[in-house]
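Quantities reported herein were computed from a predicted structural model and do not represent experimental measurements. Along the sequence shown, residues are numbered consecutively beginning with 1.
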Amino acid sequence: QVQLVESGGGLVQAGGSLRLSCAASGLPGSRYSMGWFRQAPGKEREFVAARSWGGSTNYAESVKGRFTISRDNAKNTVYLQMNSLKPEDTAVYHCAADKRPYASTSFQGDYWGQGTQVTVSS
């Protein structure tokens with residue numbers, strides 16, 4: 001059973017930081033790309049960041065320079081360090097795994113986590 005378990009969401013003030021974690025288990029194989037999407041109320045799901053098995057990263061322009069995606073392949077865990085948070089970052093953040101190992105620039109996601117709420121107050 002594939003399972004992606006997210007943690008780290010919460011309420012923070014603008015300018016603050018938060019780190020999201022996503023622990024994956026039961027994935028078919030080990031060489032997969034992982035990333036994050038987010039969806040704010042009334043808005044379309046938005047790509048946030050992705051990291052390939054080999055380490056290549058890709059970020060949405062709206063978060064570039066503020067967010068950093070990293071992963072521990074041995075632990076099958078991906079992280080999203082979010083700094084200088086803005087109210088517009090408020091959304092439900094979903095972790096996803098892509099079966100293609102080098103999909104940082106074409107990340108779609110084949111398996112999804114339940115999502116964790118990030119709320120940034122102004």
Side-chain angles (χ1 to χ4, degrees):
Q1 180 73 263
V2 174
Q3 201 165 16
L4 277 66
V5 181
E6 297 149 313
S7 61
L11 174 65
V12 297
Q13 291 184 325
S17 298
L18 201 63
R19 188 171 89 150
L20 306 182
S21 299
C22 173
S25 62
L27 288 167
S30 300
R31 293 176 172 84
Y32 47 85
S33 301
M34 296 191 72
W36 297 86
F37 289 83
R38 68 186 182 186
Q39 188 165 23
K43 296 184 66 177
E44 206 171 55
R45 185 189 299 156
E46 177 189 19
F47 169 78
V48 177
R51 186 178 179 94
S52 74
W53 171 256
S56 297
T57 58
N58 185 36
Y59 298 92
E61 285 295 324
S62 59
V63 307
K64 194 172 296 182
R66 299 187 297 118
F67 290 12
T68 302
I69 186 170
S70 62
R71 65 187 292 177
D72 186 332
N73 289 346
K75 296 180 179 180
N76 290 330
T77 301
V78 64
Y79 308 92
L80 185 67
Q81 178 66 46
M82 304 182 292
N83 298 325
S84 301
L85 283 163
K86 305 174 181 179
E88 50 262 46
D89 294 319
T90 295
V92 175
Y93 284 70
H94 295 268
C95 173
D98 196 302
K99 62 184 178 182
R100 290 164 290 278
Y102 303 103
S104 63
T105 59
S106 59
F107 190 86
Q108 293 179 302
D110 297 298
Y111 308 97
W112 296 78
Q114 79 285 355
T116 184
Q117 177 71 48
V118 172
T119 302
V120 184
S121 62
S122 59

Reported [atom1]-to-[atom2] distance for the pair [X] and [Y], which is rounded to 0.5 angstrom:
X    : Y   : atom1 : atom2 : answer
T68  : R19 : OG1   : CZ    : 11.0 Å
C22  : Q3  : SG    : CD    : 10.5 Å
Q108 : D98 : CD    : CG    : 6.5 Å
R100 : S52 : CZ    : OG    : 13.0 Å
S104 : W53 : OG    : CH2   : 14.5 Å
S25  : K75 : OG    : NZ    : 15.5 Å

Shared hydrophobic cluster for [X] and [Y] (ILVMFWY, side-chain gaps under 4.5 Å):
X   : Y    : value
V63 : Y79  : no
Y32 : V2   : yes
I69 : V118 : yes
V78 : Y111 : yes
L80 : F37  : no

Those residues that, when tested against R66, pass salt bridge (charged side-chain N to carboxylate O under 4.0 Å, His left out) (two or more places apart): D89
Contacts of type salt bridge (charged side-chain N to carboxylate O under 4.0 Å, His left out), residue K64, not counting sequence neighbours: E61
Report, one line per pair, each donor and acceptor closer than 3.5 Å where one atom sits in a side chain of residues 43-51; sequence neighbours left out.
from	atom 1	to	atom 2	distance (Å)
E46	OE1	R38	NE	2.9
E46	OE1	R38	NH2	3.3
E46	OE2	S62	OG	3.3

Non-hydrogen atoms of A91 and Q117 that approach each other most closely: O-NE2, 3.5 Å
Heavy-atom pair of closest approach, residues Y59 and T57: CE1-OG1, 3.7 Å
Under 3.5 Å: donor-acceptor pair, side chain of S33, backbone of P101: yes
Polar side-chain atom of T90 near backbone of E88 as donor-acceptor pair, under 3.5 Å: no
Heavy-atom check, side chain of L18 versus side chain of L85, under 4.5 Å: yes
All side chain to side chain contact (heavy atoms under 4.5 Å, CB included) counterparts of S17, not counting sequence neighbours: Q81, N83
Test side chain to side chain contact (heavy atoms under 4.5 Å, CB included) applied to L20 and M82, step by step: CA-CA 8 Å; L20 306 182; M82 304 182 292; 3.7 Å; yes
Only distances under 3.5 Å count here; give the side-chain donor-acceptor pairs of residues 6-15 to other protein atoms, sequence neighbours excluded, each with its distance to 0.1 Å.
from	atom 1	to	atom 2	distance (Å)
E6	OE1	Q114	N	3.1
E6	OE1	G115	N	2.4
E6	OE2	C95	N	2.2

Which residues share a ring pair (Phe, Tyr, Trp, His ring centres under 6.0 Å) with Y93, sequence neighbours left out: none
